Number of protein chains: 4
Amino acid sequence: MLEERQRKGGRPRDATRDADILEAARAVLAERGYERTTMAEIAARAGAGKATVYRRWASKAELVIDVLACSGSLAITVDDVPDTGSLRGDLAALRALKSRDESTWRALVGLVSELPHSPELARVVDQRVVGPRVALIRGLLERARDRGELLPGVNVDLLSRVPSSMIAYRLLVTHEPLDPEFLRSLSEDIVVPLATGRPRD
Amino acid sequence: MLEERQRKGGRPRDATRDADILEAARAVLAERGYERTTMAEIAARAGAGKATVYRRWASKAELVIDVLACSGSLAITVDDVPDTGSLRGDLAALRALKSRDESTWRALVGLVSELPHSPELARVVDQRVVGPRVALIRGLLERARDRGELLPGVNVDLLSRVPSSMIAYRLLVTHEPLDPEFLRSLSEDIVVPLATGRPRD
Amino acid sequence: MLEERQRKGGRPRDATRDADILEAARAVLAERGYERTTMAEIAARAGAGKATVYRRWASKAELVIDVLACSGSLAITVDDVPDTGSLRGDLAALRALKSRDESTWRALVGLVSELPHSPELARVVDQRVVGPRVALIRGLLERARDRGELLPGVNVDLLSRVPSSMIAYRLLVTHEPLDPEFLRSLSEDIVVPLATGRPRD
Amino acid sequence: MLEERQRKGGRPRDATRDADILEAARAVLAERGYERTTMAEIAARAGAGKATVYRRWASKAELVIDVLACSGSLAITVDDVPDTGSLRGDLAALRALKSRDESTWRALVGLVSELPHSPELARVVDQRVVGPRVALIRGLLERARDRGELLPGVNVDLLSRVPSSMIAYRLLVTHEPLDPEFLRSLSEDIVVPLATGRPRD
DNA sequence: TGCTAAGCGAGACGGTACGTCGCGTCTTCGG
DNA sequence: CCGAAGACGCGACGTACCGTCTCGCTTAGCA
């Protein structure tokens with residue numbers, strides 16, 4: 001979101017508009033997808049003028065970034081996941097916890113094509129969309145290490161990126177649903193065995 | 001690519017235009033990315049008219065699909081990878097073989113946003129872009145099974161999708177380069193341990 | 001209107017679109033006036049896209065200029081006015097002849113504010129709107145001179161601009177109608193006495 | 001200008017802002033013309049907020065009206081013109097007296113396009129801009145009638161509108177300057193001969 | 001003196017038109 | 001009938017301006 005100018009005077013930004021616009025953007029994105037989403041419709045649905053939207057976000061791409069960044073599931077941190085005593089249990093708890101994440105990822109669609117042209121945008125996506133998700137898995141892995149569950153020599157860096165990658169690929173490229181069986185396999189056939197060396201039962 | 005109409009007469013299509021247009025499309029995509037690529041520029045750079053392009057491909061998206069599908073690395077099949085006697089060796093051989101794949105994936109970028117709106121397109125991407133890549137890894141895994149390398153209970157379906165997912169995520173979302181270290185880690189820290197249970201040395 | 005590029009190839013401009021767009025523009029201008037006329041409505045009413053309009057005219061102002069320039073009454077020249085044997089008679093004949101000129105002048109409204117900023121536009125208005133009207137009166141005055149009706153020392157230059165000025169002022173500034181009594185007074189109380197020295201009967 | 005509300009209390013309007021705003025408006029109008037003049041720039045140049053402007057004038061059009069109405073030359077009445085004993089002399093005296101009128105008329109420019117949509121505005125222009133100018137000439141003509149200079153049957157109504165019309169036309173439509181030669185011709189080749197029957201020397 | 005209502009500069013707000021640009025189709029010409 | 005060129009209908013983009021509203025501050029005039 002655009003930085004507010006150093007407030008010297010004048011009417012302050014109406015903070016409620018931010019939320020209204022983001023909510024409208026989320027709704028339109030979910031209904032229409034990135035390409036078919038128009039700034040005019042977002043503004044109209046938020047009961048806002050286009051200028052009010054562009055005062056806050058420099059482009060459609062940046063607005064969508066913020067839709068992603070403000071997405072509910074991103075607020076989850078490792079502290080929100082109860083410690084069940086095992087990595088497998090923690091991952092199951094996370095699955096139970098995780099709000100539906102699909103719309104967030106789907107909104108990322110098409111945005112992707114703007115990233116190579118805007119280092120700024122790419123940085124924001126990395127920090128606000130990718131970062132929190134990777135950090136969450138990394139946190140669970142480190143919790144497992146503290147328990148002594150982790151095999152020596154596990155590449156935590158790489159492993160913590162696997163779930164995000166697989167989910168993104170599924171939603172962006174192959175458009176398969178995020179069914180529970182897939183999510184469970186991801187944990188139990190990939191993450192747990194790699195981290196702990198214990199194959200699936 | 002569109003089927004040629006049942007030839008009744010008149011001037012036959014100039015087959016050389018296909019290659020010129022694909023090459024121009026690849027160049028523009030590499031320079032500008034999907035969104036900033038215009039059909040007019042592709043046509044101009046190929047010295048062709050827009051109608052000539054649309055006579056062969058129904059849309060920008062389908063043209064880009066073909067750019068991806070004709071990309072060198074996609075032609076690689078399991079038979080092109082020499083049997084080195086171990087999964088680890090086979091994967092190393094594949095890495096040695098694999099032409100630079102980056103531009104292909106990068107071209108997939110903004111295409112992604114069209115997929116949810118076009119099942120047809122999604123099908124084509126699945127068959128011509130995703131399919132060959134997954135099949136290649138799956139082939140190597142099955143070769144390993146034939147050797148008796150594979151652990152029982154390995155989820156081959158899921159595992160064969162991991163490398164594509166990780167590579168796509170890296171290129172599309174985080175825009176990190178496909179450096180050799182990353183590709184080696186992918187094989188040796190993820191695929192080999194999961195498939196064979198042998199941790200990295 | 002914008003010059004067409006030196007035709008090398010490609011689809012030629014569809015000449016019928018010009019007329020459709022001009023007609024639509026005239027209609028919208030008459031209904032709404034300059035300020036409330038939008039290019040989008042003109043295009044829609046002409047069954048055209050905005051790009052087609054802007055391919056021909058660089059701005060709303062230039063389009064309106066052409067609406068004025070193509071206006072019917074401008075086609076009248078001194079040769080269209082029958083020689084009645086006297087200036088007074090000729091002016092009466094002109095009044096009988098003159099198609100309703102109001103909408104043309106009314107369209108000029110608001111355009112006026114663009115003139116100081118565009119010498120090009122001002123030149124076009126001068127040549128295509130003002131010029132023909134002044135030339136018509138001048139022609140009748142010269143016909144009168146040939147007859148020997150004209151007083152010596154009459155400022156033909158200035159006098160030939162009086163009717164246009166008075167009509168424009170009335171329509172643009174005071175918005176009184178061009179009733180026949182006004183037009184007759186213009187001829188008989190101003191032009192004829194000044195030119196011939198003969199007061200109204 | 002808007003009426004001040006019936007004062008009940010609170011801070012009174014700062015009367016100095018009126019003049020500052022009018023002056024700023026005059027300057028911007030002269031520089032940019034009506035269309036390119038924005039209320040924001042007027043306010044900024046006057047060191048005022050937009051609300052302060054709109055508290056005094058209901059719209060851009062009304063503000064411009066007042067710029068015109070407060071223009072110096074409008075304050076001239078027939079009593080300011082010395083009685084020289086002849087219409088020709090009086091008109092010459094008026095020309096000597098008349099402050100540069102150009103910027104006033106130029107400001108009227110694009111205002112014109114608002115008039116047909118606002119009877120209220122049109123009334124104000126008529127009373128405050130057109131009226132005083134026409135009344136001034138009419139006053140001089142009536143002074144001439146009192147002297148017995150006027151021909152019988154002269155259409156004073158129409159004649160008194162001729163100078164305003166010619167000046168407006170010149171400034172608004174053809175954008176020629178108000179050079180002294182033009183103004184003298186207007187008096188001596190048009191008004192004096194028509195009113196008194198005496199041709200130019 | 002301190003209270004209060006309104007004015008003040010600043011600028012955000014909802015709206016709406018502008019002129020540009022890209023897509024995918026259609027239309028001309030020459031080969 | 002193909003192929004180059006490019007005009008066509010459509011519609012989103014991001015900008016600019018209008019006239020209104022809201023913020024925190026200032027400034028009379030009444031108590």
Side-chain angles (χ1 to χ4, degrees), chain A residues 4-5 7-14 17 35-41 43-44 46-60, chain B residues 5 7-14 17 35-41 43-44 46-55 57-61, chain C residues 4-5 7-14 17 35-41 43-44 46-60, chain D residues 4-5 7-14 17 35-41 43-44 46-61:
Chain A
E4 191 160 353
R5 58 166 56 231
R7 304 293 340 294
K8 283 181 301 195
R11 177 175 176 177
R13 295 258 175 95
D14 179 348
R17 313 314 292 119
E35 297 283 353
R36 286 168 173 73
T37 292
T38 72
M39 295 299 261
E41 180 171 5
K50 278 171 55 177
T52 299
V53 179
Y54 279 103
R55 203 173 287 120
R56 290 165 160 74
W57 293 277
S59 67
K60 178 174 158 180
Chain B
R5 56 158 62 221
R7 309 293 341 292
K8 280 182 299 192
R11 177 173 172 179
R13 286 218 186 136
D14 179 349
R17 312 313 294 121
E35 296 283 356
R36 286 170 172 74
T37 292
T38 72
M39 294 301 260
E41 182 172 4
K50 281 169 59 180
T52 301
V53 179
Y54 278 102
R55 205 171 284 121
W57 292 276
S59 68
K60 177 175 162 180
Chain C
E4 191 161 354
R5 58 164 57 233
R7 303 296 339 295
K8 283 181 300 193
R11 178 175 177 177
R13 295 257 174 93
D14 180 348
R17 313 314 293 120
E35 297 283 355
R36 287 171 173 73
T37 292
T38 73
M39 295 299 261
E41 180 171 6
K50 281 171 54 179
T52 299
V53 179
Y54 279 102
R55 203 173 286 121
R56 290 165 160 75
W57 292 276
S59 68
K60 179 173 159 182
Chain D
E4 190 161 355
R5 58 161 59 226
R7 304 292 344 294
K8 283 183 297 195
R11 179 176 172 177
R13 290 229 184 122
D14 179 348
R17 312 314 291 122
E35 298 281 357
R36 286 170 173 73
T37 292
T38 72
M39 295 300 262
E41 182 172 5
K50 282 171 57 179
T52 301
V53 179
Y54 278 102
R55 204 172 287 119
R56 291 164 160 77
W57 293 276
S59 67
K60 177 175 161 180

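Each chain gets a letter, A, B and so on, in the order the sequences are listed, and its residues count up from 1. Every value quoted in this text rests on a predicted model; they were computed, and no experiment measured them.
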- Note on the structure: Residue pair C:Ala58/D:Gly47 against DNA chain E: nearer the 5' end by closest nucleotide is D:Gly47

- NZ of D:Lys50 versus P of E:dG7: gap in Å, rounded? 19 Å

- Rounded to the nearest Å, what distance is computed from the CD atom of residue D:Glu41 to the P atom of nucleotide F:dA16? 13 Å

- How sharply is the helix from E:dT1-F:dA31 to E:dG31-F:dC1 bent, taking the axes over five pairs at either end and rounding to 10 degrees? 10°

- Note on the structure: Whichever of A:Thr52 and D:Thr52 has the more 5' nearest nucleotide on DNA chain E, that residue is D:Thr52

- CE of A:Met39 versus P of F:dG11: gap in Å, rounded? 20 Å

- Query: Could you run down nucleotides 22-27 of chain F 5' to 3' and tag each one B, S or - for protein heavy-atom contact under 4.0 Å?
  - Reply: BB--BB

- A:Arg56 has an atom CZ; how far is it from atom P of E:dG11, in whole Å? 15 Å

- Message: Without decimals, in angstroms, what is the distance between D:Trp57 CH2 and E:dG7 P?
- Response: 14 Å

- Query: Whole-Å distance between F:dA28 P and D:Arg17 CZ?
  - Reply: 14 Å

- Query: In whole Å, what is the span from the OH atom of A:Tyr54 to the C1' atom of F:dC17?
  - Reply: 17 Å

- Item | Rounded distance in Å - NZ (B:Lys60) to P (E:dC23) | 5 Å

